[in-house]
**Q** 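First, the structure itself, so that you have it in front of you.
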Amino acid sequence: MLQIFSSVMDGLLIGLVYGLAAIGLTLIFGVMDVVNLAHGSIIALGMFFLYLFFGAGLHPYLSLVPVAILGFFFGVIVYLIAVKRIISGPPLMSLLSTFSVSMIIIGIGTALWSTSPYNINFKVETYNILGYTVTSARLIAAVAAVLVTFGLYFFLYRTVLGKAVRAVANNREAAELMGIPSQQILAISFGIGTMLAMLSGALIATLFPFTILSGGVYELKSFVASVLGGLGNPTGALLGGIILGLIEGSVAPFIQISWTNVIEFVIFVLILLFFPTGLFGGRK
Amino acid sequence: MSTPILEVRNVTMTFGGLTAVDDVSFNMAEGEILGLIGPNGAGKTTLFNVINGVYKPTRGNVVFRGRDITGLPPYDVVRLGLARTHQIVKPLNEMTVLENVVVGACFGAENLGLEPAQYVAEEVLEFTGLLQMKDELAGKLNIALKKRLEVARALAANPRLLLLDEVLAGLNPSEVAKMLDVIRSIRDRGISILMIEHIMQAIMSLSDRIVVLNFGQKLAEGTPDEVANDPQVIEAYLGDPEMAKRILEEEEA
Amino acid sequence: MKFLKSPFFWIVIAVSLLYAVYPKLGNNITLRETLVLSAIYVILATNLNLMIGYTGYVNFGSIVFFGLGGYLTLWLIGGYGWNLYAAVLFAGVVTSLLTLALGFGILRLRGAYFALATIGVNEAVKDFVSNFDKWGGSEGIFLPFSTYKSMGGAVHALWTVYFLIIGVMALSLLLSWFIKRSKFGLGLFAIREDEDAAIVLGVKAPVYKAIAYSVSAFLPAVAGGLYFFKNGSIVPEEAFNLHLSIESIVMVMLGGQGTVTGPWVGAFLYERLRGLLLTTPSLSNFHLVIAGVLLLLIILFAPGGLMGWLYKRWARVRGVLE
């Protein structure tokens, strides 16, 4: 019983971090109909940015701030170079252009850091709550993911800029007619999506060892989570991430861990087929 | 009396809570030009979509040449000889004008092979006056030519009944005149035509009979004269002052 | 036999013969291995183009056909002693039929949703096979060396397989060419341009798409069978390598999607480029970066690819090469 409880709790905590990564992906899709295939490599970049700031002596959690800022500007630059020109083209174009960005990031990353594993070594407390053992890193990662999500919602619903983002997501042409500079909003949205992906990567780096290729796994998990929640729906993506975490946690005691991926992808394809707008309704 | 070419029987189409077409019935005789008019949002295009199978009606039936085609997908409907054009033109942009029409001929009522379809397409292009630009990419045409391409593609399917959805909208007067000629010659080929149109003068002069839709319901049906003098129709259009003015002007003229 | 008059037909035959004969004459094994890779790339890209270029559906997980074909072949040969020809044909047919069934489901999805689903299918199959004990799980399947005895020894068997792969390459190109000039192909292009309009014009889109998807699976599955038979082993990571799937898209884009010659040229150039980048020490660290920048430049500035660019300038070339 306790073991199941522990697994479910572990799943919930990591699920929140998956959710944060998925929000980054789903936000970009929601605003501009672009499935960002550079998502995984950006997550990996978040891990290594954290590693760099940590190496420079900054505490891992303090490093999240510069990682976020870097992430935002990195996203804006990627948008301006690789996405802006083909934003109105067929979906193949944006899939491939973001994939080429991914190749470039992974290529440079491999040259700089090879593909061997790195980790962030810092002091981690271990708590025991009614027999459930949890590390401070896991708790903080989950809490940070929740806080960032709240921040995003505050931005989207309580600020003028955030409302403009939602207007552009809803109907780009109408928003332009109302005088909203849609290109700037798209760039900012891509920046925010990228920032969220990097933050999730940085949080994951405080939990597990990582390589420049680690992003791929989380990219696929982000797809699954955002499709579960309905592509384009940030709340859905967070819930999708939690569901994903819970599935991983709750099946872990019963079957070999390697089967969880099969289950996840089968669910993924089935959801796409039978609930293409996700379990909680997608955009529009 | 022979079988009507088209029978629309108590067709209702709802989307969620919204009723776009509400219990509409009418018949069309072979060789007839039937006009379908009504204010914006009256459900005309939705009715077209039900007739050619894009939507399956919530209730009611569509019978084409004595055969119930309700819920048949569009690609089967066109095989039976019922073709249509779109209000918002849908050219196959990266294909040439000729290729667009060959698609219509290949997959239409005759189910032609590529080579015979080529001949049919050239003939239809000649007929619709598009032959000179057969090698242009369809996406490069102007709106008037795109509308004509819509008609040509539908015609290449060799239909018995043609649904024309606002083929005159957005055309200048000389283009309208050309299109009217095309429509008349289509009718002279023995093809029945059901057409949605906003340009009152045109539809009044072309149609044998007219069906008026308002808020999804059939408001009136009859010859152009009968419809134009129907107090209910006038009242419905008075809700749309622009349209009322047009009708009145045309009455005077 | 009208196709006998077409220059394209003879170009395909001539190039394939050249591929087959040239390494054999000099008994050049290294060259043969390079050309195997090149031919496999051509097969993958050309068949993928049936979906991406002809039908307008972006299949990101096309490598699943190749991997499944490989697994089925090695399983039948290793486990049941089938001969190679029967095994690869069976693998091709089974993969095609599975793809047909899958197609009726996932081809209802459009745009990015379809692309994501194809990634999901490939990953699901890879993870399933990694756990599937009958197929050796993550260890995969190994063919014992004695398997090659029935084909006149390993040396002889490898040459035979090489010729077969070249044959499949030629078939892929001819298939692509036939489809492009057929009524079926016209229907696919109509779907690519505007699926709703195509349906209203009479194209049975659900059936056409599923058939195209299924056809695009057949020869890659056969090629997968031959390739992994040649290697003598197969593991999930290599068989269902999503990266190769995406590289195939790069080849299609590089050469020109929707053209017959484009994926061929794109695959050939990509293999050369990749080889050059990997063998030049100063560049090998950056081969991914260079390939990525190249892809980005194509997409941003020449989305029609090489052949698209060429056909725009010299329309007459199009009549010969398609």
Side-chain angles (χ1 to χ4, degrees), chain A residues 29 33-35 37-38 41 81-86 89-112 114 216-217 219-220 223-224 226-227 231 255-274 276-277 282, chain C residues 52-53 56-61 102 104-132 137-138 192 242-243 246-247 249-250 252-253 257 277 284-301 303:
Chain A
F29 182 84
D33 274 339
V34 168
V35 174
L37 289 183
S41 60
I81 293 175
V83 182
K84 186 177 174 198
R85 210 183 145 93
I86 42 94
L92 173 64
M93 292 302 164
S94 55
L95 286 167
L96 289 178
S97 75
T98 52
F99 183 74
S100 63
V101 170
S102 157
M103 288 166 81
I104 296 168
I105 294 174
I106 289 185
I108 294 176
T110 308
L112 287 176
S114 80
V217 180
E219 174 170 309
L220 290 169
F223 284 148
V224 181
S226 32
V227 165
L231 263 180
I255 60 170
Q256 277 180 319
I257 192 78
S258 53
W259 278 100
T260 53
N261 282 342
V262 183
I263 295 172
E264 278 173 16
F265 285 115
V266 170
I267 291 176
F268 172 63
V269 175
L270 291 180
I271 294 279
L272 269 176
L273 279 179
F274 299 108
T277 54
Chain C
I52 291 189
Y57 275 74
V58 187
N59 185 354
F60 260 86
L102 177 70
F104 279 110
I106 67 171
L107 282 162
R108 285 184 297 159
L109 303 168
R110 294 190 184 179
Y113 288 90
F114 175 76
L116 287 181
T118 58
I119 295 181
V121 167
N122 183 61
E123 295 303 301
V125 171
K126 176 167 82 184
D127 290 329
F128 175 79
V129 171
S130 307
N131 286 289
F132 190 51
S138 55
R192 165 177 116 158
L242 191 64
H243 207 87
I246 293 167
E247 283 179 290
I249 300 180
V250 177
V252 172
M253 295 301 297
Q257 50 148 327
L277 292 177
S284 68
N285 270 333
F286 290 96
H287 80 273
L288 255 182
V289 183
I290 294 171
V293 170
L294 178 71
L295 176 61
L296 190 59
L297 290 177
I298 295 170
I299 290 155
L300 295 181
F301 301 106

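In what follows, every chain begins at residue 1, and chains take the letters A, B, ... in the order their sequences are listed. Keep in mind that this is a model prediction, so the values were computed, not measured.
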**Q** Using the ring pair (Phe, Tyr, Trp, His ring centres under 6.0 Å) criterion, which residues pair with Tyr57(C)? Sequence neighbours excluded.
**A**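 With neighbours one apart ignored, the set is Phe114(C).
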**Q** Not counting sequence neighbours, list each pair that qualifies as a salt bridge (Lys or Arg N to Asp or Glu O under 4.0 Å) and has a residue in residues 106-115 of chain C.
**A**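 Qualifying pairs, neighbours excluded: Arg110(C)-Glu195(C), Arg110(C)-Asp196(C).
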**Q** Taking side chain as everything from C-beta outward and backbone as N, CA, C, O, which of these in Ile263(A) sits under 4.5 Å from a heavy atom of chain C? Side chain, backbone, both or neither.
**A**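 Contact with chain C involves no heavy atom of Ile263(A) at all.
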**Q** What's the spacing between Met253(C) CE and Leu92(A) CG if we round to 0.5 Å?
**A**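 Interatomic distance, Met253(C) CE to Leu92(A) CG, rounded to 0.5 Å: 5.0 Å.
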**Q** Given heavy-atom pairs under 4.5 angstrom as the criterion, report whether the side chain, backbone, both or neither of Ile105(A) touches chain C.
**A**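 For Ile105(A), there is no contact with chain C at all, as no heavy atom is under 4.5 Å.
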**Q** Between atom NE2 of His243(C) and atom CD1 of Ile106(A), what is the distance when rounded to the nearest 0.5 Å?
**A**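 These two atoms lie 7.5 Å from each other.
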**Q** Minimum heavy-atom separation for Ala112(C) and Val35(A), please, with both atom names.
**A**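 Taking Ala112(C) first and Val35(A) second, the nearest heavy atoms are CB-CG2, 3.4 Å.
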**Q** Could you report the tightest heavy-atom contact between Leu295(C) and Ser100(A), atom names first, then the distance?
**A**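 For Leu295(C) and Ser100(A), the tightest heavy-atom pair comes out as CD2-CB, 3.6 Å.
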**Q** Among Leu95(A), Ile86(A), Thr110(A), Val227(A), which residue has the highest count of heavy-atom pairs closer than 4.5 Å to chain C?
**A**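 Among the listed options, the one with the most contacts to chain C is Leu95(A).
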**Q** Would you give the length of the straight line joining atom CZ of Phe29(A) to atom OH of Tyr113(C), rounded to the nearest 0.5 angstrom?
**A**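 Those atoms lie 4.0 Å apart.
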**Q** For a 4.5 angstrom cut-off between non-hydrogen side-chain atoms, does Glu264(A) reach Asp127(C)?
**A**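 Contact flag for Glu264(A)/Asp127(C) side chains = no.
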**Q** Chain A heavy atoms under 4.5 Å from Ala115(C): which part of the residue, side chain, backbone, both or neither?
**A**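 Contact with chain A involves the side chain of Ala115(C) alone.
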**Q** Under a 4.5 Å heavy-atom cut-off, does chain C meet the side chain of Val224(A), its backbone, both or neither?
**A**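 Neither part.
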**Q** Shortest non-hydrogen contact from Leu220(A) to Glu123(C)?
**A**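 That closest heavy-atom pairing would be CD1-OE1, 3.7 Å.
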**Q** For Pro91(A) versus Gly111(C), what's the shortest heavy-atom pair and its separation?
**A**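 Answer, listing the atom of Pro91(A) first, then Gly111(C): CG-CA, 3.8 Å.
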**Q** Taking side chain as everything from C-beta outward and backbone as N, CA, C, O, which of these in Val58(C) sits under 4.5 Å from a heavy atom of chain A? Side chain, backbone, both or neither.
**A**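 The side chain, not the backbone.
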**Q** Where does Ile290(C) contact chain A at under 4.5 Å (heavy atoms): side chain, backbone, both or neither?
**A**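 Ile290(C) has no heavy atom closer than 4.5 Å to chain A.
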**Q** Give, for atom CD1 of Ile106(C) and atom CG of Leu272(A), the distance between the pair rounded to the nearest 0.5 Å.
**A**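 If we round to the nearest 0.5 Å, Ile106(C):CD1 and Leu272(A):CG are 9.0 Å apart.
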**Q** Hey, what do you get for CG (Leu231(A)) to CG (Leu116(C)), rounding to the nearest 0.5 Å?
**A**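 Rounded to the nearest 0.5 Å, the CG-CG separation comes out at 6.0 Å.
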**Q** Which heavy atom of Met103(A) sits nearest a heavy atom of Ala291(C), and at what distance?
**A**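 The answer is CE-CB, 3.6 Å.
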**Q** Would you indicate whether the side-chain heavy atoms of Phe265(A) and Phe128(C) approach each other to under 4.5 Å?
**A**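 Contact flag for Phe128(C)/Phe265(A) side chains = no.
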**Q** Got a second to check how far Ile119(C)'s CD1 is from Leu37(A)'s CG, nearest 0.5 Å?
**A**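 Spacing of CD1 (Ile119(C)) from CG (Leu37(A)) equals 5.5 Å.
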**Q** Can you spot which of Leu296(C), Ile246(C), Ile249(C), Ile299(C) makes a side chain to side chain contact (heavy atoms under 4.5 Å, CB included) with Phe99(A)?
**A**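 For Phe99(A), the side chain to side chain contact (heavy atoms under 4.5 Å, CB included) test succeeds with only one of Leu296(C), Ile246(C), Ile249(C), Ile299(C), which is Ile246(C).
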**Q** What part of Leu109(C) lies closer than 4.5 angstrom to a heavy atom of chain A: side chain, backbone, both or neither?
**A**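 The side chain, not the backbone.
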